[in-house]
Amino acid sequence: MTKSTISRASNDFRSDTFTTPTPSMLEAMVNASFGDDVYQEDETTNEFHREIARLTGKEDALFMLSGTMGNQIGVRVHLTMPPHSVLCDYRGHVYAEEGSGLAILSQAMVTPVHPANGIYMTLEDVKKYVTLGDDIHTAPTKVISLELTIGGVLTPMEEIEKISKFAHENGIMVHCDGARLWNASAASGHSLADYCKHFDTVSMCVSKGLGAPIGGVLAGTKENINRARWLRKQQGGGIRQAGLLTAAALVAVREVWPTMKETHERTKKLERDLKEMGVVPQIPVDTNFYFIDAGRSKLDMDVLLEQCEKYNVRLQDERISMHHQISDEAVENLKAAIGEAVKLSKDLPADRVASKTAGYGSTAKMNEWS
């Protein structure tokens with residue numbers, strides 16, 4: 001990373017949402033078309049839609065102002081009249097981080113699932129929590145939403161396939177919160193289409209790991225996307241000259257997505273380096289996230305955050321988020337901060353260190369997920 005291209009996010013490990021537009025994104029925005037996307041007349045946006053449809057293997061796609069909008073509309077297109085419920089991971093963004101959108105926008109009850117393996121949902125979890133039949137005391141499950149990745153962890157493709165098959169056999173639609181599906185594809189080697197064939201709708205962010213300034217995209221059938229376009233307009237998302245934003249998104253897909261493997265490799269190296277310090281993760285490190293297990297690592301998080309400030313790196317809590325604009329210098333500074341915090345934590349009472357560990361997916365720590 002040269003000095004001229006250093007981003008203000010180069011030392012920011014709080015989230016991959018803190019990435020900034022690259023020079024080529026800004027150039028593309030300047031040269032974007034200026035058609036009206038509400039009337040589907042913007043050339044750049046239409047090109048973006050075609051590219052996403054091609055990559056996902058879906059019939060059509062629609063730009064969204066955010067991943068939250070993509071999720072809420074993606075679920076809503078499958079729901080007609082309550083009572084109905086949505087089944088998802090209890091840590092899922094669509095449930096825990098979107099302002100009770102499912103209740104307000106879809107009048108849906110949510111069935112939050114605690115995976116038995118503590119990492120990702122399986123078919124057995126779904127069978128345990130799903131509501132089938134026409135018992136008037138219940139809200140039947142009409143949509144299952146899977147988040148990929150979930151905390152940076154890969155859900156095995158065979159598990160996704162089994163859940164999708166079970167859902168469709170029981171008349172249940174399947175939505176993918178694919179905010180970081182780009183990461184899942186880059187890490188697993190499966191194409192987006194390999195994943196998306198198991199879902200009826202797929203929402204993906206372009207403003208997280210891809211680094212575009214704004215937005216997400218929803219992919220699905222033409223019928224679902226037509227319905228989604230109506231709902232997007234209703235929610236204030238029918239913007240006019242959308243090409244300014246979709247131009248940056250196209251660059252992000254074509255230039256940043258191919259670098260994700262390198263980001264994942266850097267994250268795995270960080271895992272190895274931290275292991276030598278006695279620091280361990282809470283869950284597997286599959287992509288660009290590392291959740292520090294403060295308790296097992298005997299690491300006081302308050303001390304660590306103080307050291308991060310001293311070493312000029314930004315960290316919010318137990319989650320370390322890597323992205324394409326993190327500099328090598330920042331990684332070294334982060335490791336130095338963690339190493340110093342480990343030493344200082346040894347002099348603290350053990351119960352203090354333990355009390356600071358909220359744990360992955362804790363309600364108090366849900367802000368880590370955004």
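Excluded from the calculations below are hydrogen atoms, water molecules and symmetry mates; all remaining heavy atoms, backbone and side chain alike, are included. Throughout, residue positions are numbered sequentially from 1 according to the sequence presented. Everything numeric in this text was worked out from a predicted model, so none of it was measured.
- Note that CZ of F34 is 5.5 Å distant from CG of L244, once rounded to the nearest 0.5 Å.
- A side-chain N or O of T45 and one of T246 form a donor-acceptor pair less than 3.5 Å apart.
- Ion pairing of E47 with R254 is present here, as a side-chain N (NZ or NE/NH1/NH2) and a carboxylate O approach within less than 4.0 Å.
- With hydrogens and angles left out, the side-chain atoms of Y195 and T56 include no donor and acceptor closer than 3.5 Å.
- Within the 3.5 Å criterion, the main-chain N or O of G57 finds no donor-acceptor partner in the side chain of R54.
- A donor and an acceptor atom, one from each side chain of S7 and Q325, are located under 3.5 Å apart.
- Every pair passing ring pair (Phe, Tyr, Trp, His ring centres under 6.0 Å) that includes a residue from residues 96-117 is listed here, sequence neighbours excluded: Y90-H114.
- What you find for R180 and S15 is that their closest heavy atoms are NH2-OG, 4.0 Å.
- I52 is listed as a side-chain neighbour of M204, based on a closest heavy-atom distance under 4.5 Å.
- Look at R240 and D42 and you find no salt bridge, because none of the NZ, NE, NH1 or NH2 atoms lies under 4.0 Å from a carboxylate O.
- Residue L79 is not grouped with residue M109 when hydrophobic side chains (ILVMFWY) are merged at heavy-atom distances under 4.5 angstrom, including chains of intermediate members.
- Summarising the geometry, atom OG belonging to S203 is positioned 7.5 Å from atom CE belonging to M64; distances are rounded to the nearest 0.5 Å.
- Rounding to the nearest 0.5 Å places CD of Q241 at 11.0 Å from OG1 of T44.
- A donor-acceptor pair under 3.5 Å is formed between the side chain of S191 and the backbone N or O of D194.
- Under a hydrophobic clustering in which Ile, Leu, Val, Met, Phe, Trp and Tyr are joined whenever their side-chain heavy atoms come within less than 4.5 Å, directly or via other members, L146 and V86 fall into different clusters.
- Going from atom CD of E98 over to atom OG of S66 covers 7.5 Å, rounded to the nearest 0.5 Å.
- Checking T201 against H175 by side-chain atom types alone, a donor-acceptor pair falls below 3.5 Å.
- Residues D317 and R319 are not paired through a salt bridge, judged by the lack of any N-O separation under 4.0 Å between the basic side chain and the carboxylate.
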message: With salt bridge (Lys or Arg N to Asp or Glu O under 4.0 Å) as the criterion, how do D12 and R8 come out once you've worked through the C-alpha distance, each side chain's angles and the decisive distance to 0.1 Å?
response: CA-CA 8 Å; D12 203 326; R8 61 178 291 172; over 6 Å; no
task: Report the C-alpha separation of R50 and D60 in whole Å, then their side-chain angles, then the decisive distance to 0.1 Å, and conclude whether the salt bridge (Lys or Arg N to Asp or Glu O under 4.0 Å) test is met.
output: CA-CA 7 Å; R50 289 192 297 270; D60 206 353; over 6 Å; no
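- The main-chain N or O of K222 is found under 3.5 Å from a side-chain atom of E59 such that the two form a donor-acceptor pair.
- Counting heavy atoms from C-beta outward, P23 and E27 have side chains that stay 4.5 Å or more apart.
- Note: the hydrophobic cluster containing I119 does not contain L87 (ILVMFWY, side chain heavy atoms under 4.5 Å, direct or indirect links).
- Side-chain contact between E147 and V94 is absent, with no heavy atoms from C-beta onward closer than 4.5 Å.
- Rounding to the nearest 0.5 Å gives a distance of 10.5 Å between CG of N183 and NZ of K208.
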query: Would F199 and L181 count as a side-chain contact (heavy atoms from CB on, under 4.5 Å) if you check the C-alpha gap in whole Å, the side-chain angles of each, and the deciding distance to 0.1 Å?
result: CA-CA 12 Å; F199 297 94; L181 188 60; over 6 Å; no
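- Here the shortest heavy-atom pairing between A248 and M25 reads O-CG, 3.9 Å.
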- request: Evaluate salt bridge (Lys or Arg N to Asp or Glu O under 4.0 Å) for R232 paired with D37, printing each intermediate quantity in order.
  value: CA-CA 12 Å; R232 186 186 69 170; D37 181 47; 3.0 Å; yes
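- Residue pairs meeting the ring pair (Phe, Tyr, Trp, His ring centres under 6.0 Å) criterion with at least one partner in residues 234-285, sequence neighbours excluded, are W182-W257.
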query: For I338 and Q307, what are the C-alpha separation, side-chain angles and deciding distance, and is it a side-chain contact (heavy atoms from CB on, under 4.5 Å)?
result: CA-CA 7 Å; I338 294 174; Q307 292 304 308; over 6 Å; no
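- In this structure the side chain of N71 never reaches within 4.5 angstrom of the side chain of T68, judged on heavy atoms.
- Look at E265 and K261 and you find no salt bridge, because none of the NZ, NE, NH1 or NH2 atoms lies under 4.0 Å from a carboxylate O.
- Annotation for E223: atom CD does not count as buried by contact number, only 12 or fewer foreign heavy atoms lying within 6.0 Å.
- Contact annotation: the side chain of C205 never approaches that of L210 to less than 4.5 Å [non-hydrogen atoms, C-beta and beyond].
- Taking 4.5 Å as the limit, some side-chain heavy atom of I292 sits within range of a side-chain heavy atom of I320.
- The backbone N or O of L270 lies less than 3.5 Å from no partner atom in the side chain of K335, so there is not a single donor-acceptor pair.
- Within 6.0 Å of CD in E41 there are more than 12 heavy atoms belonging to other residues, nucleotides or ligands.
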- prompt: Can you list the steps and then say if Y290 with I283 is a side-chain contact (heavy atoms from CB on, under 4.5 Å)?
  reply: CA-CA 8 Å; Y290 181 109; I283 55 174; over 6 Å; no
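- A donor atom on one side chain and an acceptor atom on the other are found under 3.5 Å apart for D16 and N288.
- A 6.0 Å sphere centred on CZ of R314 holds no more than 12 heavy atoms belonging to other residues, nucleotides or ligands.
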task: Using the salt bridge (Lys or Arg N to Asp or Glu O under 4.0 Å) rule, take E124 and K128 through it: C-alpha gap first, then chi angles, then the decisive distance, then the call.
output: CA-CA 6 Å; E124 293 309 308; K128 179 179 178 181; over 6 Å; no
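- S321 places none of its side-chain heavy atoms less than 4.5 Å from the side chain of F18.
- Evaluated for a side chain to side chain contact (heavy atoms under 4.5 Å, CB included) with V174, the options D200, V202, I160 yield exactly one hit, D200.
- Using a cutoff of 4.0 Å between basic side-chain nitrogens and carboxylate oxygens, K346 and D300 are not scored as salt-bridged.
- Note: the hydrophobic cluster containing L102 does not contain I144 (ILVMFWY, side chain heavy atoms under 4.5 Å, direct or indirect links).
- The minimum heavy-atom distance linking P115 with D125 is given by the pair CA-OD2, 3.5 Å.
- Contact check for K127 versus F166: side-chain heavy atoms found under the 4.5 Å cut-off.
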Distance-only check: which donor-acceptor pairs under 3.5 Å involve side-chain atoms of residues 135-143, not counting sequence neighbours?
unit_1 : atom_1 : unit_2 : atom_2 : d
D135   : OD1    : H137   : N      : 2.9
D135   : OD1    : H137   : ND1    : 2.7
T138   : OG1    : D135   : O      : 2.8
T141   : OG1    : T131   : N      : 2.9

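- Side chains of T22 and E255: no donor on one and acceptor on the other come within 3.5 Å.
- Cluster annotation: M260 is connected to L154 through the hydrophobic network of ILVMFWY side chains, with a link wherever side-chain heavy atoms come within less than 4.5 Å.
- How far SG of C176 is from NE2 of H198: 11.0 Å, rounded to the nearest 0.5 Å.
- Contact between T19 and G211 at its shortest, heavy atoms only, is OG1-CA, 3.2 Å.
- Closest approach of R266 to I326, counting heavy atoms only: NH1-O, 2.9 Å.
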Full working for side-chain contact (heavy atoms from CB on, under 4.5 Å) between F63 and I239: CA-CA 10 Å; F63 180 72; I239 54 176; 4.2 Å; yes
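- The nearest pair of heavy atoms linking S24 to V251 is OG-CG1, 3.5 Å.
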